Visitor: 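Here it is: the structure, laid out below.
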Amino acid sequence: MAPPKKLRTKGQVSSSRKSTVTSLPLLLEIGTEEIPTTFLPQVLQDLAALGHQLLSECRLTYHQIRTVGTSRRLGLLVDGVQLQQPSLTQEVVGPPKSAAFDASGVPTKAAQGFAKSQGVSVDQLTIQETPKGLYLAVKKHERGKSAKQVLTLSLPVYLSKLIFPKAMRWNVTQVKFARPIRWIVVLLGNQVIKIEFAGITSGGVTWGHRFYRIKRKKTGQPVSLSNAANYEAVMKKFGVLVDPHERRAAITAQIAKLAKSAKGQIDPIHRDELIEEAVWGVEYPHAIMGTFPQEFLALPKAVLISSMKEHQGFFSLIGKDGKLLSKFVSVTNTPEGNTALMTKGNERVLSARLKDAQYFFQEDRKQTLQNRVSALDGVMFHHKLGTMRQKVERVRSLAGWMAELLDRQDLMDVCERAALLSKADLTTGMVGEFPSLQGTMGEVYAGHDGEAQEVCQAIGDQYLPRFPDDRLPRSLPGMVLACADRCDSIASFFSVGMVPSGSEDPLGLRRAAYGLVRILNETSLQLDMVQVFDPLRERLDLHSRTITDIIGFILDRLRFYGRTTMGLRDDVMEAVIRVRPKNKADLGDLLAQMQALQGIVSQSDFELLMVGFKRVHRIVEKESWNQTDVIPERFQHESEQRLFQVLDKAHQDVTNCILSQEYAGALQSLLTFNAPTDEFFAAILVNDPEPHIRENRLSLLTAIDRLFLTLADFSCIQSAGAEGG
C-alpha cells in the first residue's frame, strides 16, 4: 500500500518554489538647494550618461534609463535593473616569460609581484602565447555580486563625476556640487540602498513642494517613499511634477488657455525661451494673468516686452492686430494659494518697472544720438583696444568701404551715418537698464531725431543675427553695418592676439563669424573678405599673417555652417577651399561652388571621372611638371588628339561658366573627359623614350590637372573611385 500524500495546509508555501523576480526599478534622487535653471538641462544629460556608464561598468543590465528633475532635485530613474551581476571569468596577462623567470627557471620579482597583485600564488600562473610572444597569465573567476552591493560601492564615485559650470564646497567633506546637497534617496524596488556622499547618508525620505499642503499636514513636510516604481506618482501627490516634459506640457496648455481668454496670443518671439525658463524654475506650474495701466502702451513695444521678460519672466500678450495688450501671463511655483494676491503682487512689481522705463524714455529723448556720440569716448570697448568711439570710427570707415566694394556709392552716406550713430544708445538710461535693447533703442531714438528711415533701420539691425537661427537685417545698409561691426570686432581682437582656442570663446568671435557667413550666403550681399579687411590694416596694424589667420577663422565657421545648415560633406568643402585664390574669399560664392560639387559627386559617371583624374593628378605630382604648352604636332596617337580637343572645348566652357557663376555647368563640362582619358591611358605610354614626346604628354596632363583645380582639389573627394587608376 502506497504511503498517503502529505497534505499542505493553507498558508504554507512549497520550499521548492523560488522568487522569479530578477529585476527591479532603481531610483536615485539628489535633493539640493536651488540649482541655477540654466545648469539643469545639461546636468540631467550628464546624469543619464553617468547612469549608463555606472550600470555598464557594474555589469548590471537594465531596460530603460531616464532623468527627471527640478531646481531642487536631480533624479535618475532606471527600469528593470538586474538584481545580480553575472559571474565573470577573465584572463589577466602579466609580464613576459623572459622577464618572469631567470636562467634556472626560478621566478623573478616580476613574477612574484604579478602573482601578489592578482591574489594568487606563483604556481597558479600559466604561460600563454600572445602575438607578442610568451607571457605569464592568470585566469580569475569573479562571482557576481548583488546589485545592492555593487551600487553601494559605486554610486558615490559616479556622483563625484558630475560637473557643473560653477560649483561650490559647503562642508568639511569639501565635495564640489552646484549647490549644497540636503538629502539623497536611493531605492532599488522597495529596498533602501545606503550610500554616503557629501556628508549625507541616503535613505527613503524625500521632500515635497515647499508651499504645498496635503490634508492637514504642514507645508514642506518630508515624504517617505515606499518603492522606486511609484516615485513620480507620490511626488505629484505632494505638489512636485518631477518630469520636465510634463511641466512643459502643463505650462504650454495653461498659457494658451489664458491668452485665448484675453482674446490674444503669447508673443511668439520669446515664447519658447520663456517656457523653457519656466520649466526649470518651478516644481508645479500655475499660470496666472495680470494687467498693467494702458498709459504704458505708449512706450515702444520692445521696451514693454523686455520689461516683462527680463526682470520678471512674464509672457507678453499680442492682439489680433499685432499690437500689445495691457495684459501679461506669469507662471508661478504655487500649486495652491491666493492667486488674486499673487496677481496683485506681480502687477505692482511690473508697474514699478514700467514707470522706470517711462522715465528713461522721456529723459533719453532730451538729447539726440548725434550729441551722444562724443560720450562714447568714455565707454571702453576693450582695455587693449581703446574706446567705443574709436571702434565707431573704424566701423564707419569700414561700412563706407563696403558700400564702395558693392559699387553702391549712393549708399555710402547712409552706411557711414548709421555706423556713426550705431553705438550712441549705449549712453542712454534705457539701454543701461535693459542692455538687450541696444540697437533697438538706437533705432527708436534715431527715428525721434528725424534720421532717415534707412539709417534708423540699419541701427536697429546691426546686431542681427543675435543667435544661429535669428532673423537677418532687413535692408542693405543694415547688412553692411552688421558685417562691418563683426569684421571690426574679429580683426580687433586678432590684432592683439585674443584668438578663440578650444571650446572657449568669451568674446563671441565664433558667433560673429557665423553671423557673417549667414548674411553673406542668405542675402543679396556679396563681399570679398580679403578686400574687406584692407582699411583695417593700418588702423589696427594688421600683418599679412594675421589677415590670413582671420580668413582661416571665418572659413572654419563657413565649414560649420555648410555642414550643419546645408548638409555639405567635409571633403567637398575642403576640395573647394583648397583651390581658393589666396587673394579672394567670397563666402557666398564658395558655398555655391560647394553645393554644385556636392550635387555631382554622387553621380556614377563622376566616380569614373575621379578614377581618371586621380591618375592624371598623381602623374603630374610625381613628375613635378609645371608646363602646360601643348604642341599638337608632336602627338603620336589619335587618343592624344582627341583628349586635347576635349580639353580645349572644356576649357572654354569652364571659363564661361565660372564667369557667370554657373558652377554646376562647369562641373558637367568635366564629365566629357571620361572616355578620352580612358582611351589615352589605354593607348599610349606617358613616359615615352623620346623626351619631346614624353614632355608633350606631361604638358597635356598638367593642363588637364590645372583645369580641374580651377574648380576644386578633387584629390580630397572620398569616392568609390579613390583608388582607381
Side-chain angles (χ1 to χ4, degrees), residues 15-16 18-28 46-63 65 76 78-163 173-176 184 186-189 191-202:
S15 60
S16 64
K18 294 183 179 179
S19 173
T20 58
V21 177
T22 59
S23 65
L24 288 171
L26 171 69
L27 163 67
L28 165 68
D46 294 345
L47 184 61
L50 285 173
H52 285 293
Q53 184 183 356
L54 164 69
L55 294 169
S56 175
E57 294 186 5
C58 287
R59 306 201 315 276
L60 295 173
T61 61
Y62 57 92
H63 297 321
I65 189 168
L76 178 71
V78 190
D79 292 334
V81 176
Q82 184 183 12
L83 296 181
Q84 186 77 22
Q85 279 183 327
S87 296
L88 178 67
T89 299
Q90 60 178 342
E91 187 174 65
V92 182
V93 179
K97 180 186 176 184
S98 58
F101 299 96
D102 62 18
S104 305
V106 177
T108 63
K109 288 185 177 180
Q112 294 169 3
F114 174 61
K116 185 178 180 181
S117 69
Q118 299 303 315
V120 298
S121 60
V122 174
D123 57 8
Q124 289 179 281
L125 300 177
T126 61
I127 297 174
Q128 296 291 334
E129 187 171 350
T130 73
K132 295 183 179 181
L134 297 176
Y135 278 73
L136 287 191
V138 61
K139 279 191 176 181
K140 298 186 67 178
H141 181 76
E142 184 180 332
R143 187 175 180 180
K145 298 177 182 177
S146 70
K148 186 175 181 180
Q149 285 178 291
V150 293
L151 290 173
T152 300
L153 293 172
S154 303
L155 270 172
V157 176
Y158 281 86
L159 287 180
S160 66
K161 294 181 180 181
L162 272 177
I163 298 174
T173 66
Q174 293 296 291
V175 167
K176 292 177 69 176
I184 299 175
V186 186
L187 287 176
L188 182 61
Q191 294 183 359
V192 173
I193 296 180
K194 292 287 185 181
I195 68 167
E196 185 173 326
F197 181 70
I200 303 292
T201 301
S202 65

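Here the structure is a predicted model, which is why all the values come from computation and not from measurement.
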Visitor: Is there side-chain contact between V92 and F114, with at least one heavy-atom pair below 4.5 Å?
Guide: yes

Visitor: Quick check: closest heavy atoms across P156 and I195, and the distance to 0.1 Å?
Guide: CG-CB, 4.0 Å

Visitor: To the nearest 0.5 Å, what is the distance between OG1 on T201 and CD1 on I184?
Guide: 8.0 Å

Visitor: Distance from L187 atom CG to L26 atom CG, nearest 0.5 Å?
Guide: 8.5 Å

Visitor: By the definition side-chain contact (heavy atoms from CB on, under 4.5 Å), identify the one residue from V150, L151, I65, V78 that meets it with L54.
Guide: L151

Visitor: Would you indicate whether Q174, at its atom CD, is surrounded by more than 12 heavy atoms from other residues, nucleotides or ligands within a distance under 6.0 Å?
Guide: yes

Visitor: Which distance, rounded to the nearest 0.5 Å, do you find between the OG1 of T61 and the CG of L55?
Guide: 9.0 Å

Visitor: So T22 and L83, do their side chains get closer than 4.5 Å, heavy atoms only?
Guide: no

Visitor: Going by heavy atoms in the side chains, are F197 and L155 under 4.5 Å from each other?
Guide: no

Visitor: So, Q85 side chain and C58 main chain: donor-acceptor pair closer than 3.5 Å or not?
Guide: yes

Visitor: Heavy atoms only: give me the nearest Q82-A147 pair and the separation to one decimal.
Guide: O-CB, 3.4 Å

Visitor: Return the minimal non-hydrogen interatomic distance between L159 and L28, and the atom names on each side.
Guide: CD2-CD2, 3.8 Å

Visitor: Is any side-chain heavy atom of L162 less than 4.5 Å from a side-chain heavy atom of L47?
Guide: yes

Visitor: Tell me if a side-chain donor or acceptor on Q128 pairs with a main-chain N or O of Y135 at a distance below 3.5 Å.
Guide: no

Visitor: Within a 6.0 Å radius of atom NZ on K161, are there more than 12 heavy atoms belonging to other residues, nucleotides or ligands?
Guide: yes

Visitor: Shortest non-hydrogen contact from P95 to A100?
Guide: CG-CB, 4.5 Å

Visitor: When you look at F101 and L136, which way does the side chain to side chain contact (heavy atoms under 4.5 Å, CB included) test go after all the steps?
Guide: CA-CA 10 Å; F101 299 96; L136 287 191; 3.7 Å; yes

Visitor: Nearest 0.5 Å please: distance from the CD atom of Q112 over to the CG atom of L125.
Guide: 10.5 Å

Visitor: Rounded to the nearest 0.5 Å, what's the gap from CG on L60 to CD on Q84? Could you check?
Guide: 9.0 Å

Visitor: Are L76 and L27 side-chain neighbours, meaning at least one heavy-atom pair lies under 4.5 Å?
Guide: no

Visitor: Side-chain contact test, heavy atoms from C-beta onward, threshold under 4.5 Å: evaluate it for K194 versus T152 and give yes or no.
Guide: no

Visitor: Judged by atom type as modelled, is there a donor-acceptor pair below 3.5 Å linking the side chain of T108 to the main-chain atoms of A99?
Guide: yes

Visitor: Rounded to the nearest 0.5 Å, how far apart are OG of S87 and CZ of R143?
Guide: 7.0 Å

Visitor: To check you understand the geometry: which heavy-atom pair defines the closest contact between S121 and A115, and what is its length?
Guide: C-CB, 4.0 Å

Visitor: Would you say I163 has more than 12 foreign heavy atoms packed within less than 6.0 Å of its CD1?
Guide: no

Visitor: List the atom of T173, the atom of G199, and the distance in Å for their closest heavy-atom pair.
Guide: CG2-N, 3.5 Å

Visitor: Answer yes if the side chains of Q53 and S56 hold a donor-acceptor pair under 3.5 Å, and no otherwise.
Guide: no

Visitor: Under 6.0 Å between ring centres: does that hold for H52 and Y158?
Guide: no

